[in-house]
Number of protein chains: 2
Amino acid sequence: MHAVVLRYIDQVARFGSIRRAAETLNIASSAVNRQILKLEAAIGTPLFERVGNGVRPTPAGEYVIRHARDTLADWQRTRTNISALSGNIHGEVRVGTIPSAMISILPKALDSLAQAHPNLKFRVLDMAPSDHAEEMRAGRPDVAVLFIDRRYRDYEIVAQLGAKVGVIMRPDHPLAKRSQLTLTECSSYPVTMLDDPWLLFESTLQNEFIRSGAELNTVLRTNSMTLMKQAISSGMGLGFFTPVGFLDEIRTGQLVHVPLTEHDLAATDIGLFVHRGRARSPSVQLLVRALSDEFVRAASDLRNAPTKA
Amino acid sequence: MHAVVLRYIDQVARFGSIRRAAETLNIASSAVNRQILKLEAAIGTPLFERVGNGVRPTPAGEYVIRHARDTLADWQRTRTNISALSGNIHGEVRVGTIPSAMISILPKALDSLAQAHPNLKFRVLDMAPSDHAEEMRAGRPDVAVLFIDRRYRDYEIVAQLGAKVGVIMRPDHPLAKRSQLTLTECSSYPVTMLDDPWLLFESTLQNEFIRSGAELNTVLRTNSMTLMKQAISSGMGLGFFTPVGFLDEIRTGQLVHVPLTEHDLAATDIGLFVHRGRARSPSVQLLVRALSDEFVRAASDLRNAPTKA
DNA sequence: ATGCCCGATGCCAAAATGGCATCACCTGGA
DNA sequence: TCCAGGTGATGCCATTTTGGCATCGGGCAT
């Protein structure tokens with residue numbers, strides 16, 4: 001369908017080297033080189049700046065590279081859509097999400113889909129929020145579960161969940177009966193912290209949390225969510241999370257969630273984002289529907305087993 | 001840059017005939033035919049259904065055709081953006097608009113741009129509102145001035161203007177001193193009507209207006225806005241419009257605008273729509289900025305010379 | 001200074017594309 | 001009913017495009 005030069009410039013840009021791009025493309029470097037030279041001649045502007053040890057895109061090149069990648073990605077989606085016409089839902093859905101959603105909401109949704117559609121693939125992006133923001137701005141994820149940010153204009157929020165950040169603890173903890181808490185009230189008790197606390201909050205919220213966090217008695221610091229859960233369950237300390245990651249434990253009374261009063265933290269909601277242009281793709285629709293269901297279930301869980309009576 | 005087959009299938013779909021497409025492409029029909037056959041073989045699905053007197057796209061074909069057109073259009077925009085890097089703002093901006101905006105807002109904005117950027121081209125689409133909706137849904141216009149409709153999710157509303165539909169008349173008309181009017185109050189006086197009244201209103205509003213309009217004493221019915229203006233100015237009858245098309249006349253006191261009380265009609269606002277994905281294109285930005293300025297100016301005009309004291 | 005890796009280029013083979021003539025088929029009108 | 005004029009498909013050939021290989025000249029790091 002598409003001219004080879006699209007793949008060529010994509011790879012060349014990725015490696016910053018014509019020869020290495022040619023290598024991964026299983027093709028002679030001269031062929032790749034010539035395609036680029038021809039394209040530059042056709043456009044009338046250099047697309048890559050020749051530096052000693054390779055090439056680097058010019059501003060014009062950036063445009064062309066983006067166009068090439070957009071085109072190839074759109075072609076991939078087109079193929080997927082065509083294949084879906086004959087009932088074969090396959091292809092890959094890219095999902096960006098916060099860790100909380102990876103614990104319960106996302107796995108349940110994926111599980112319910114995986115059974116019915118064995119050919120459906122998912123790519124879940126677990127990364128730093130700054131990269132999330134970058135991905136969202138670039139429009140790469142098809143679906144995302146993130147703290148609500150209206151600046152992602154290419155995405156529509158199709159569901160949301162009031163998920164105040166709060167304190168997770170055992171029901172027999174001294175603070176478990178409170179209806180709300182401040183960070184300073186927690187400072188007299190041992191707490192556990194995700195080793196990458198910025199994973200949980202938007203950049204504006206990080207600062208306050210980290211600032212207050214510095215005064216906290218952090219008895220455990222880990223990047224393992226599993227260990228974290230075990231530690232909190234065994235009474236090792238408090239945890240700071242939205243209730244979303246602990247729906248099951250809260251419902252069964254195993255753990256308790258008490259919201260924090262700090263306004264900036266409490267104001268955060270989790271949203272289900274769908275890329276506007278791809279919302280009609282069958283595979284995306286399936287996932288969105290499954291996630292919506294989980295959002296509804298989570299909301300009802302939070303209502304029935306409120307953060308504290 | 002792009003494989004010829006993109007242009008081929010575009011034209012074939014446009015004409016519903018391989019031979020005629022080949023003709024307009026100045027190429028042998030066999031070449032076009034073969035490209036399509038090859039593509040179908042590569043995808044594994046027929047893209048066109050062969051009917052006796054030509055071809056018709058299959059559902060899979062519709063997807064591919066749309067992809068091809070999107071790709072070519074995006075490539076065009078990419079070329080434009082690259083050219084803009086060297087300070088040469090050119091290219092074509094597609095604008096969809098209601099007639100009212102064509103009278104004052106749009107011409108002024110275009111005029112101010114045409115002087116500074118002689119290479120900038122505009123394509124203004126004047127058509128039935130159903131086609132407008134279709135165009136907007138297909139995401140073809142880059143910029144649009146339309147009655148606000150939140151369903152156009154690919155577009156962002158960057159400016160709006162409270163523009164209640166009302167009655168336009170000479171200041172010495174018996175109704176000119178009123179602060180508001182109903183359609184029935186107008187029925188005792190001669191009125192003028194645009195021959196295509198649906199051009200002015202969203203489909204949901206059309207019905208009421210036309211229904212009431214049937215009882216009006218329509219002394220003049222024309223599709224010429226110029227004649228319309230002359231007729232109202234010479235006292236031939238009332239006109240039903242937003243004030244937007246009559247800003248100059250209202251400001252100078254030549255004409256008067258009295259809003260209608262009918263709720264559905266009065267609730268309409270005019271919005272400046274920009275396609276989300278193309279808002280950053282220099283040419284689009286220029287036009288949006290110029291139109292925004294005109295929106296502001298129009299809003300101030302409406303405030304200073306209110307529809308009636 | 002000397003390898004080493006880079007992109008550019010000349011030469012040739014291979015592949016893709018296009019043009020022409022022709023075939024088989026469908027459709028609409030005598 | 002049949003014929004005329006249209007359609008897409010296909011075989012054959014010329015042209016164009018693309019790719020592979022060897023090689024050149026030039027930066028860059030050791």
Side-chain angles (χ1 to χ4, degrees), chain A residues 1-65 67-68 71-72 75, chain B residues 1-65 67-68 71-72 75:
Chain A
M1 172 68 165
H2 282 290
V4 285
V5 67
L6 295 184
R7 286 208 321 281
Y8 290 3
I9 56 178
D10 172 35
Q11 289 295 326
V12 169
R14 199 178 304 286
F15 289 106
S17 157
I18 293 180
R19 285 182 114 106
R20 269 194 283 160
E23 198 175 333
T24 71
L25 288 164
N26 289 319
I27 212 170
S29 67
S30 60
V32 177
N33 188 17
R34 266 201 263 271
Q35 288 287 346
I36 292 176
L37 290 174
K38 196 180 70 159
L39 181 55
E40 289 177 325
I43 297 181
T45 312
L47 300 178
F48 291 94
E49 185 184 349
R50 273 67 172 179
V51 295
N53 55 352
V55 294
R56 182 171 43 191
T58 63
E62 302 274 11
Y63 279 123
V64 176
I65 292 161
H67 169 70
T71 298
L72 292 175
W75 173 236
Chain B
M1 173 71 166
H2 282 291
V4 286
V5 67
L6 294 185
R7 288 208 319 282
Y8 290 4
I9 57 179
D10 172 35
Q11 290 295 325
V12 169
R14 200 177 304 286
F15 289 106
S17 156
I18 293 180
R19 286 182 112 106
R20 271 196 283 160
E23 199 174 333
T24 72
L25 288 163
N26 289 318
I27 213 170
S29 67
S30 60
V32 177
N33 187 18
R34 267 201 262 271
Q35 289 286 349
I36 292 176
L37 289 174
K38 197 180 68 161
L39 180 56
E40 289 177 327
I43 297 181
T45 312
L47 300 178
F48 291 94
E49 185 185 349
R50 274 66 171 178
V51 295
N53 55 353
V55 293
R56 181 173 42 192
T58 63
E62 303 273 11
Y63 280 122
V64 176
I65 291 160
H67 169 71
T71 298
L72 292 175
W75 173 237

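Keep in mind the model is a prediction, meaning the values are calculated, not measured. All chains are named by letter (A, B, ...) in the order of the sequence lines, taking the proteins before the strands, and each is independently numbered beginning at 1.
Spacing between atom CG of B/L25 and atom C1' of C/dT17 amounts to 14 Å, rounded to whole angstrom units. Distance CD (B/E23) to P (C/dG18): 17 Å, rounded to an integer number of Å. The distance from atom CZ of B/F15 to atom C1' of D/dG6 is 16 Å, rounded to the nearest whole Å. The separation between B/N33 atom CG and C/dG19 atom P is 13 Å, rounded to whole Å. The separation between A/I9 atom CD1 and C/dG7 atom P is 15 Å, rounded to whole Å. Distance CZ (B/F48) to C1' (D/dG8): 13 Å, rounded to an integer number of Å. Distance B/L37 CG to C/dG18 C1': 14 Å, rounded to the nearest Å. Put simply, CG on B/L39 is 15 Å from C1' on C/dT17, counting in whole angstrom units.
Closest approach of B/V5 and A/M1 over heavy atoms only: CG1-O, 3.6 Å.
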Report task. Using a 4.0 Å cut-off on protein heavy atoms (strictly under), produce a 5'-to-3' string for nucleotides 14-30 of chain D with B for base contact, S for backbone-only sugar-phosphate contact, and - for none. Result -> ----SSBB-----SS--
For residues 34-42 of chain A, which side-chain donor-acceptor pairs fall under 3.5 Å, sequence neighbours excluded?
{"from": "A/E40", "atom 1": "OE1", "to": "A/R50", "atom 2": "NH1", "distance (Å)": "3.4"}
{"from": "A/E40", "atom 1": "OE1", "to": "A/R50", "atom 2": "NH2", "distance (Å)": "3.1"}
{"from": "A/E40", "atom 1": "OE2", "to": "A/L47", "atom 2": "N", "distance (Å)": "2.7"}
{"from": "A/E40", "atom 1": "OE2", "to": "A/F48", "atom 2": "N", "distance (Å)": "3.2"}
{"from": "A/E40", "atom 1": "OE2", "to": "A/R50", "atom 2": "NH1", "distance (Å)": "2.8"}

Would you mind writing out the side-chain donor-acceptor pairs for residues 10-24 of chain B within the sub-3.5 Å range, not counting sequence neighbours?
{"from": "B/D10", "atom 1": "OD1", "to": "B/R14", "atom 2": "NH2", "distance (Å)": "2.8"}
{"from": "B/D10", "atom 1": "OD1", "to": "B/R69", "atom 2": "NE", "distance (Å)": "2.6"}
{"from": "B/D10", "atom 1": "OD1", "to": "B/R69", "atom 2": "NH2", "distance (Å)": "3.2"}
{"from": "B/D10", "atom 1": "OD2", "to": "B/R14", "atom 2": "NH2", "distance (Å)": "3.1"}
{"from": "B/S17", "atom 1": "OG", "to": "B/R19", "atom 2": "N", "distance (Å)": "3.4"}
{"from": "B/S17", "atom 1": "OG", "to": "B/R20", "atom 2": "N", "distance (Å)": "3.1"}
{"from": "B/T24", "atom 1": "OG1", "to": "B/A21", "atom 2": "O", "distance (Å)": "3.0"}

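Ring planes of B/W75 and B/H2: perpendicular class, angle over 60° (limits at 30 and 60°).
B/R7 pairs in a side-chain contact (heavy atoms from CB on, under 4.5 Å) with only one of the listed residues (B/I27, B/V32, B/L72), which is B/L72.
Contact between the side-chain N/O atoms of B/R50 and the OP1/OP2 oxygens of D/dA9 is found at a separation under 4.0 Å.
The backbone N or O of A/P46 lies less than 3.5 Å from a partner atom in the side chain of A/T58, making a donor-acceptor pair.
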